[in-house]
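The block underneath contains the structure these notes are about, expressed in structure tokens.
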Amino acid sequence: MASLSLRGIYKKYPGGVVAVSDVNIEIRDKEFIILVGPSGCGKSTTLRMIAGLEEISEGELYIGDKLVNDIAPKDRDIAMVFQNYALYPHMTVFENMAFGLKLRKVPKDEIQKKVEEAAKILDLTHLLDRKPKAMSGGQRQRVAMGRAIVRQPQVFLLDEPLSNLDAKLRAQMRTEISKLHKKLGTTFIYVTHDQTEAMTLGDRIVVMKDGFVQQIDVPQALYERPCNKFVAGFLGSPQMNFIDGELKQDVNGTYYVEFGSEDTKSSRGVKYQIAIPAEKVNDKLPAYVNKEIVMGIRPENISDDPNDIMYATTGVVNCDVEITEMMGAETYLYLNCEGNSLTARVAPTSTAKPQDTIQVALNPNKIHLFDKENEKTIMN
């Protein structure tokens with residue numbers, strides 16, 4: 001049983017620096033959980049506290065039903081995989097993988113069996129006599145994983161394990177790690193600042209900022225129902241577009257967002273209105289009528305398809321095209337709409353070119369609204 005419970009965890013350094021504040025996370029047995037956030041948000045510190053490499057200043061950490069705050073790292077039944085692999089250069093792959101077992105005085109024949117099993121899982125059998133310097137980054141990372149696997153720990157901790165690899169290898173290793181988790185049936189806690197890794201690997205994601213947990217949920221829920229502007233902007237690539245506007249309500253009771261301005265530097269200088277569909281209306285909206293808010297819309301929900309524009313009843317705006325990026329299966333348009341920078345993710349058949357003025361349709365069913373002051377979500 002390898003569930004984990006972090007209850008009111010703090011990490012305070014001398015001089016009043018608080019790196020992690022009041023972290024509460026319940027991690028289920030065999031779950032793949034991701035800690036994600038920008039550099040310096042406290043995710044690696046949290047992982048190191050779970051490992052026992054950092055002392056917990058306040059709060060309680062349970063592995064299973066055992067309080068482990070004062071238990072040494074070697075007795076926590078966990079294995080950690082580091083960003084820089086931490087392999088011994090003078091040892092072969094076999095010796096690197098066997099090292100921890102030798103320290104534990106495991107019998108030789110058992111070491112042989114465990115290393116060979118792990119090597120088979122990770123496709124390292126043909127490399128067992130090789131030294132790290134004669135291997136690629138991806139192979140070294142697999143050796144680091146193998147060294148953790150042979151110990152058969154209850155919990156795997158992975159600290160940005162793919163950040164030193166190139167993009168193609170990273171994508172390949174993501175798949176390998178996902179397969180490995182399913183094969184081993186062990187609890188994985190994985191730290192990354194890469195939101196693509198977070199979205200593709202995790203059963204649940206813990207989004208952190210400035211030492212605080214912002215939101216914990218399954219990837220799709222975080223993407224569709226972020227609790228604040230930070231989470232909305234952090235997950236998704238390209239990131240969500242944000243437009244400053246005002247929430248209005250007409251005589252029929254319809255809510256709409258108004259943005260743009262007559263005295264903008266844009267040559268057109270117009271105000272646009274996008275009506276909020278009745279099914280998206282909630283009880284928070286009345287308090288924001290005639291107040292400034294921030295509207296969010298993801299790039300894939302902005303379309304330059306003539307059919308989408310023709311059938312749209314609201315949300316059609318004029319934009320100046322600044323840059324286009326052909327990505328193969330899709331095209332990114334970087335647009336300026338009344339001083340607002342927008343990114344649209346459109347079909348590769350799009351004919352938009354830099355310096356064009358085009359119409360795009362903002363999908364009203366996909367807009368999010370945020371409080372301008374505290375950045376909390378008003379409507380998803």
Side-chain angles (χ1 to χ4, degrees), residues 2 30-34 44 47 51 53 73-74 76-194 196-203 328:
K30 298 180 183 167
E31 189 169 23
F32 197 135
I33 200 138
I34 306 266
S44 286
L47 197 76
L53 303 175
K74 66 183 177 62
R76 292 191 184 193
D77 201 8
I78 51 175
M80 191 153 176
V81 179
F82 295 92
Q83 178 180 349
N84 59 0
Y85 322 132
L87 301 176
Y88 296 106
H90 61 286
M91 293 184 185
T92 64
V93 169
F94 184 95
E95 289 163 344
N96 264 290
M97 287 169 69
F99 186 70
L101 299 177
K102 276 185 182 169
L103 287 183
R104 285 179 169 71
K105 308 276 195 296
V106 174
K108 269 188 177 175
D109 56 343
E110 197 178 329
I111 290 176
Q112 184 81 28
K113 184 176 168 226
K114 284 185 171 178
V115 170
E116 283 174 359
E117 277 175 7
K120 194 175 174 188
I121 288 169
L122 293 162
D123 192 23
L124 290 170
T125 307
H126 61 298
L127 300 173
L128 286 174
D129 296 327
R130 206 174 281 189
K131 290 196 174 158
K133 66 175 184 230
M135 300 166 74
S136 70
Q139 289 168 333
R140 286 182 210 174
Q141 191 52 275
R142 294 212 302 274
V143 176
M145 299 283 293
R147 190 176 51 193
I149 290 169
V150 294
R151 290 179 47 200
Q152 296 175 321
Q154 287 195 81
V155 183
F156 275 89
L157 306 178
L158 300 100
D159 191 7
E160 304 211 24
L162 309 185
S163 60
N164 288 343
L165 306 180
D166 64 55
K168 187 180 175 188
L169 203 48
R170 263 208 311 272
Q172 200 179 316
M173 282 299 291
R174 276 205 307 269
T175 313
E176 295 300 319
I177 288 172
S178 197
K179 284 182 192 164
L180 189 61
H181 173 249
K182 287 179 175 64
K183 201 175 280 185
L184 298 176
T186 313
T187 308
F188 274 44
I189 305 172
Y190 187 107
V191 160
T192 182
H193 63 269
D194 182 326
T196 307
E197 276 176 34
M199 293 292 287
T200 52
L201 281 172
D203 295 328

Applying side chain to side chain donor-acceptor pair (under 3.5 Å), name anything that partners [X], two or more places apart in sequence or on another chain.
{"X": "Asp77", "answer": "Gln154"}
{"X": "His181", "answer": "none"}
{"X": "Thr187", "answer": "none"}
{"X": "Ser136", "answer": "Gln139"}

Atom of [X], atom of [Y] and distance for their closest heavy-atom approach:
{"X": "Thr92", "Y": "Asp129", "value": "CG2-O, 3.6 Å"}
{"X": "Arg151", "Y": "Arg147", "value": "CG-O, 3.9 Å"}
{"X": "Ala79", "Y": "Pro153", "value": "CB-CG, 3.5 Å"}
{"X": "Ser44", "Y": "Asp159", "value": "OG-OD1, 2.9 Å"}
{"X": "Pro161", "Y": "Val81", "value": "CB-CG1, 4.4 Å"}

Contact between [X] and [Y] at the side-chain level, heavy atoms closer than 4.5 Å - yes or no?
{"X": "Ile149", "Y": "Leu180", "answer": "yes"}
{"X": "Pro132", "Y": "Val143", "answer": "no"}
{"X": "Asn96", "Y": "Lys131", "answer": "no"}
{"X": "Thr196", "Y": "Arg170", "answer": "no"}
{"X": "Leu87", "Y": "Met135", "answer": "no"}
{"X": "Phe32", "Y": "Lys182", "answer": "no"}

TODO: Sort and list the pairs that fulfil ring-ring contact (aromatic ring centres under 6.0 Å, His included) and have at least one residue in residues 111-151, not counting sequence neighbours.
DONE: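 The answer is none; no pair qualifies.
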Open item on the list: Let's go through Glu176 and Met145 carefully: what are the C-alpha distance in whole Å and the side-chain angles of both, what is the deciding distance for side-chain contact (heavy atoms from CB on, under 4.5 Å) to 0.1 Å, and is it a yes or a no?
Closed with: CA-CA 11 Å; Glu176 295 300 319; Met145 299 283 293; over 6 Å; no
Going from [atom1] on [X] to [atom2] on [Y], what distance comes out if it is rounded to the nearest 0.5 angstrom?
{"X": "Asp194", "Y": "Arg174", "atom1": "CG", "atom2": "CZ", "result": "6.5 Å"}
{"X": "Arg140", "Y": "Leu127", "atom1": "CZ", "atom2": "CG", "result": "12.0 Å"}
{"X": "Leu101", "Y": "Gln112", "atom1": "CG", "atom2": "CD", "result": "11.5 Å"}
{"X": "Tyr190", "Y": "Leu47", "atom1": "OH", "atom2": "CG", "result": "11.5 Å"}
{"X": "Arg142", "Y": "Met97", "atom1": "CZ", "atom2": "CE", "result": "10.5 Å"}
{"X": "Thr175", "Y": "Leu201", "atom1": "OG1", "atom2": "CG", "result": "8.5 Å"}

Mind checking side chain to side chain contact (heavy atoms under 4.5 Å, CB included) for [X] and listing every partner two or more places apart, or none if nothing turns up?
{"X": "Glu117", "result": "Lys113"}
{"X": "Thr125", "result": "Ala119, Lys120"}
{"X": "Ala51", "result": "Leu53, Ile78, Met80, Leu157"}
{"X": "Gln172", "result": "Leu169"}

Task: Residues in salt bridge (Lys or Arg N to Asp or Glu O under 4.0 Å) contact with Glu110, at least two apart in sequence or another chain - done: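 Once residues adjacent in sequence are excluded, the partners of Glu110 under the salt bridge (Lys or Arg N to Asp or Glu O under 4.0 Å) criterion are Lys114.
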- [ ] Sequence neighbours left out, what passes salt bridge (Lys or Arg N to Asp or Glu O under 4.0 Å) with Glu31? Give chain and number order.
- [x]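 Residues passing salt bridge (Lys or Arg N to Asp or Glu O under 4.0 Å) with Glu31: Arg28, Arg204.
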Task: Phe82: ring-ring contact (aromatic ring centres under 6.0 Å, His included) partners, not counting sequence neighbours - done: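 Not a single residue meets the ring-ring contact (aromatic ring centres under 6.0 Å, His included) criterion with Phe82.
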- [ ] I would like to know whether Ile177 and Leu162 meet side-chain contact (heavy atoms from CB on, under 4.5 Å); could you show each step before the answer?
- [x] CA-CA 10 Å; Ile177 288 172; Leu162 309 185; 3.8 Å; yes
